[in-house]
Amino acid sequence: MTPLYEGKAKRMWATDNPDTLRMEFKDEATAFDGKKKAQFENKGRLNNAISTLIYGMLEKEGIPTHFVRQIDETNVEVKKVEILMVEVIVRNLAAGSFSKRTGIEEGHVFTQPVIEFSYKSDALGDPLINDDYIREMNLATPGELAHLRKSAFKVNEILSAFFAKCGLKLVDFKLEFGRLACDPSVIVLADEISPDGCRLWDLKTGEKMDKDRFRRDLGNVMEAYEEVLGRVRENLA
Ligand code: ADP
Ligand code: TMP
Ligand code: ASP
């Protein structure tokens, strides 16, 4: 058996149902568009567990997602979508590429959340794009883009409040959306929500609890993911 698609962190497999896929979380970690790579035992299990709990919570809060069910420790069944090639990033505090681009130091708190879009292309390094690029590149219709913006801010409200309960500051995160294969007029939240694609800082100590531990060689990467999972579990119970 070969997967339909093998990405940097996951494999997508066909199922018996033409409208769903099996999404398998791998133990691989990459950064800087795949230029930096490492293997972390349990990463797939931890990201699957965290993402499954977060998706369950978002569904309960009325956010339509691709999530169907957890199959086992490293696999979930998801609704098949045509991924929009736009990554939607929401930032509550300056960090990462925002700080690099603007000179505004990491940790600066924004007066309102900042949204940005990047073109999902490893070959081009996921470049920053705007509404006009999205229109001219036919990445999403104006109606779809309005929906992405609205949903991303709503997800930010839900996740920021939830992670605060977990003693974590949601600094920024990346979302992906897709058109349902069975009805392309419906857009749902897809891919994963895990410490791979979110910056989470401990509210008390400021410690980084996300993939920046790997990107910046801070050590204890899986220990941080395990701690995030523990807190997410505790606060959903
Ligand atoms: P990448 O392609 O960035 O290396 P991954 O290793 O995470 O990423 O691979 C997962 C791929 O599957 C991504 O390209 C993602 O956009 C895509 N994907 C996520 N959810 C779905 C879905 N429900 N249906 C189809 N494709 C999806
Ligand atoms: P950035 O500051 O590097 O642009 O990252 C912003 C957020 O998006 C951060 O939480 C990490 C996440 N992210 C991804 O999920 N995938 C990516 O390819 C990049 C660059 C960032
Ligand atoms: N997700 C990207 C990569 O795997 C970049 C990152 O998260 O830093 O290369």
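Counting starts at 1 for both ligands and their atoms, following the listed order.
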Starting from atom 3 (O) of ligand 2, locate the nearest protein heavy atom and write down its residue, its atom name and how far away it is, to 0.1 Å.
-> Arg199 NH2, 3.6 Å

Go through ligand 2 atom by atom and flag the ones less than 4.0 Å from a non-hydrogen atom of Asp126.
-> 18 (O)

Salt-bridge test for Asp210 and Arg199: reply yes if a basic N is under 4.0 Å from a carboxylate O, no otherwise.
-> no

Option passing side chain to side chain contact (heavy atoms under 4.5 Å, CB included) with Ile134 (candidates Ile129, Leu148, Thr141) = Ile129

Here the atoms of ligand 2 under 4.0 Å from any heavy atom belonging to Phe173 are 10 (O)

Hey, looking at atom 16 (O) of ligand 1, which of Glu6, Glu176, Met12, Met23 has the closest heavy atom?
-> Glu176

Before giving the answer on side-chain hydrogen bond (donor to acceptor under 3.5 Å, both in side chains), spell out for Glu106 and Ser99 the whole-Å C-alpha distance, their side-chain angles and the decisive distance to 0.1 Å.
-> CA-CA 6 Å; Glu106 286 210 329; Ser99 294; 4.8 Å; no

Hey, are Glu61 and Lys154 close enough for a salt bridge, meaning a charged N less than 4.0 Å from a carboxylate O?
-> no

Counting from 1 in the order shown, the ligand 3 atoms closer than 4.0 Å to a non-hydrogen atom of Lys8 are 3 (C), 4 (O), 9 (O)

Closest protein heavy atom to atom 7 (C) of ligand 2, given as residue, atom name and distance to 0.1 Å = Asp172 OD1, 3.6 Å

Name the closest protein heavy atom to atom 6 (O) of ligand 1, giving the residue it belongs to and the distance to 0.1 Å.
-> Ala9 N, 2.6 Å

Criterion side-chain hydrogen bond (donor to acceptor under 3.5 Å, both in side chains) on Ser97 and Arg91, from CA distance to verdict | CA-CA 11 Å; Ser97 68; Arg91 303 179 187 270; 3.0 Å; yes

Please name the residue in the list Arg22, Arg69, Gln70 that meets the side-chain hydrogen bond (donor to acceptor under 3.5 Å, both in side chains) test with Glu77.
-> Arg69

To atom 25 (C) of ligand 1, the nearest of Thr20, Asp196, Leu189, Val81 on a heavy-atom basis is Val81

With heavy atoms of Lys120 as the reference, note each atom of ligand 1 found under 4.0 Å away.
-> 2 (O), 3 (O), 13 (C), 14 (O), 16 (O)

What about Leu93 and Ile104, same hydrophobic cluster or not, with Ile/Leu/Val/Met/Phe/Trp/Tyr joined at side-chain heavy-atom distances under 4.5 Å?
-> no

Specify the protein heavy atom at minimum distance from atom 3 (C) of ligand 3: its residue, its atom name, and the distance to 0.1 Å.
-> Thr30 OG1, 3.2 Å

May I ask you to list the atoms of ligand 2 that are less than 4.0 angstrom from any heavy atom of Gly96?
-> 2 (O)

Output yes when Lys26 and Glu24 qualify as a salt bridge under the 4.0 Å nitrogen-oxygen rule, no when they do not.
-> no

Heteroatom distance test (Asp33, ligand 2): nitrogen or oxygen, under 3.5 angstrom = no

Which ligand 1 atoms, with their elements, are less than 4.0 angstrom from a heavy-atom of Val78?
-> 23 (N)

Has Arg91 got any heavy atom lying under 4.0 angstrom from an atom of ligand 2?
-> yes

Side-chain contact test, heavy atoms from C-beta onward, threshold under 4.5 Å: evaluate it for Ile187 versus Arg179 and give yes or no.
-> yes

Do Leu203 and Tyr225 share a hydrophobic cluster, counting only Ile, Leu, Val, Met, Phe, Trp and Tyr and linking them when any side-chain heavy atoms are less than 4.5 Å apart?
-> no

Closest protein heavy atom to atom 5 (C) of ligand 3, given as residue, atom name and distance to 0.1 Å | Phe32 N, 3.7 Å

Backbone or side-chain N or O of Asp33 under 3.5 Å from ligand 3 N or O = yes

Treating Ile, Leu, Val, Met, Phe, Trp and Tyr as nodes and any side-chain heavy-atom pair under 4.5 angstrom as an edge, say whether Val86 and Val186 lie in one connected cluster.
-> yes

Contact atoms of ligand 3, heavy-atom distance to Gly34 under 4.0 Å | 3 (C), 9 (O)

What part of Ile83, side chain from CB on, backbone N/CA/C/O, both or neither, has a heavy atom under 4.0 Å from ligand 1?
-> side chain

What residue and heavy atom of the protein are closest to atom 20 (N) of ligand 1, and at what distance?
-> Asp191 N, 3.2 Å

When the aromatic ring centroids of Phe98 and Phe110 are compared, is their separation below 6.0 Å?
-> yes

Ranked by distance from atom 8 (O) of ligand 3, the top protein heavy atom is Arg215 NE, 2.7 Å

Against heavy atoms of Gly197, which atoms of ligand 2 measure under 4.0 Å?
-> 10 (O), 12 (C), 15 (O)

Heavy-atom contacts with Lys8 under 4.0 Å: which atoms of ligand 1 show up? List them by number with element.
-> 1 (P), 3 (O), 4 (O), 5 (P), 6 (O)

Is there at least one pair of N or O atoms, one from Asp122 and one from ligand 1, spaced under 3.5 Å apart?
-> no

Nearest-contact summary for atom 7 (O) of ligand 1 - protein heavy atom, Å = Lys10 NZ, 2.5 Å

Please state which protein non-hydrogen atom is closest to atom 11 (C) of ligand 1 and give its distance, to 0.1 Å?
-> Tyr5 CE2, 3.5 Å

Could an N or O of ligand 1 be found under 3.5 Å from any N or O of Glu192, whether backbone or side chain?
-> no

Against heavy atoms of Cys198, which atoms of ligand 2 measure under 4.0 Å?
-> 10 (O)

Hydrophobic cluster identity match, Val155 and Tyr55, side-chain contacts under 4.5 Å = yes

Taking atom CD of Glu223 as the centre, does the number of heavy atoms from other residues, nucleotides or ligands within less than 6.0 Å exceed 12?
-> yes

protein heavy-atom neighbour closest to atom 1 (P) of ligand 2 works out as Ser97 OG, 3.3 Å

Is the shortest distance from a Lys or Arg side-chain nitrogen in Lys36 or Asp217 to a carboxylate oxygen in the other one below 4.0 Å?
-> yes

What's the verdict on salt bridge (Lys or Arg N to Asp or Glu O under 4.0 Å) for Asp131 and Arg149, showing C-alpha distance, side-chain angles and the deciding distance?
-> CA-CA 11 Å; Asp131 295 35; Arg149 199 181 278 280; 2.9 Å; yes

salt_bridge(Arg231, Asp202) N-O dist < 4.0 Å = yes

More than 12 heavy atoms of other groups within 6.0 Å of Phe40 CZ | yes

Give the residue and atom name of whichever protein heavy atom lies nearest to atom 1 (N) of ligand 3, and the separation in Å to one decimal.
-> Lys211 NZ, 3.7 Å

Check Leu21 against ligand 1 and report side chain, backbone, both or neither, counting heavy atoms closer than 4.0 Å.
-> side chain

Note the single closest protein heavy atom to atom 8 (O) of ligand 2, along with its residue, its atom name and the distance in Å.
-> Lys174 CB, 3.6 Å

Please verify whether a non-hydrogen atom of Arg215 lies at under 4.0 Å from ligand 2.
-> yes

Does the protein put any heavy atom within less than 4.0 Å of atom 19 (C) of ligand 2?
-> no

With the threshold set at 4.0 Å, does a side-chain nitrogen-carboxylate oxygen contact exist between Glu234 and Lys165?
-> no

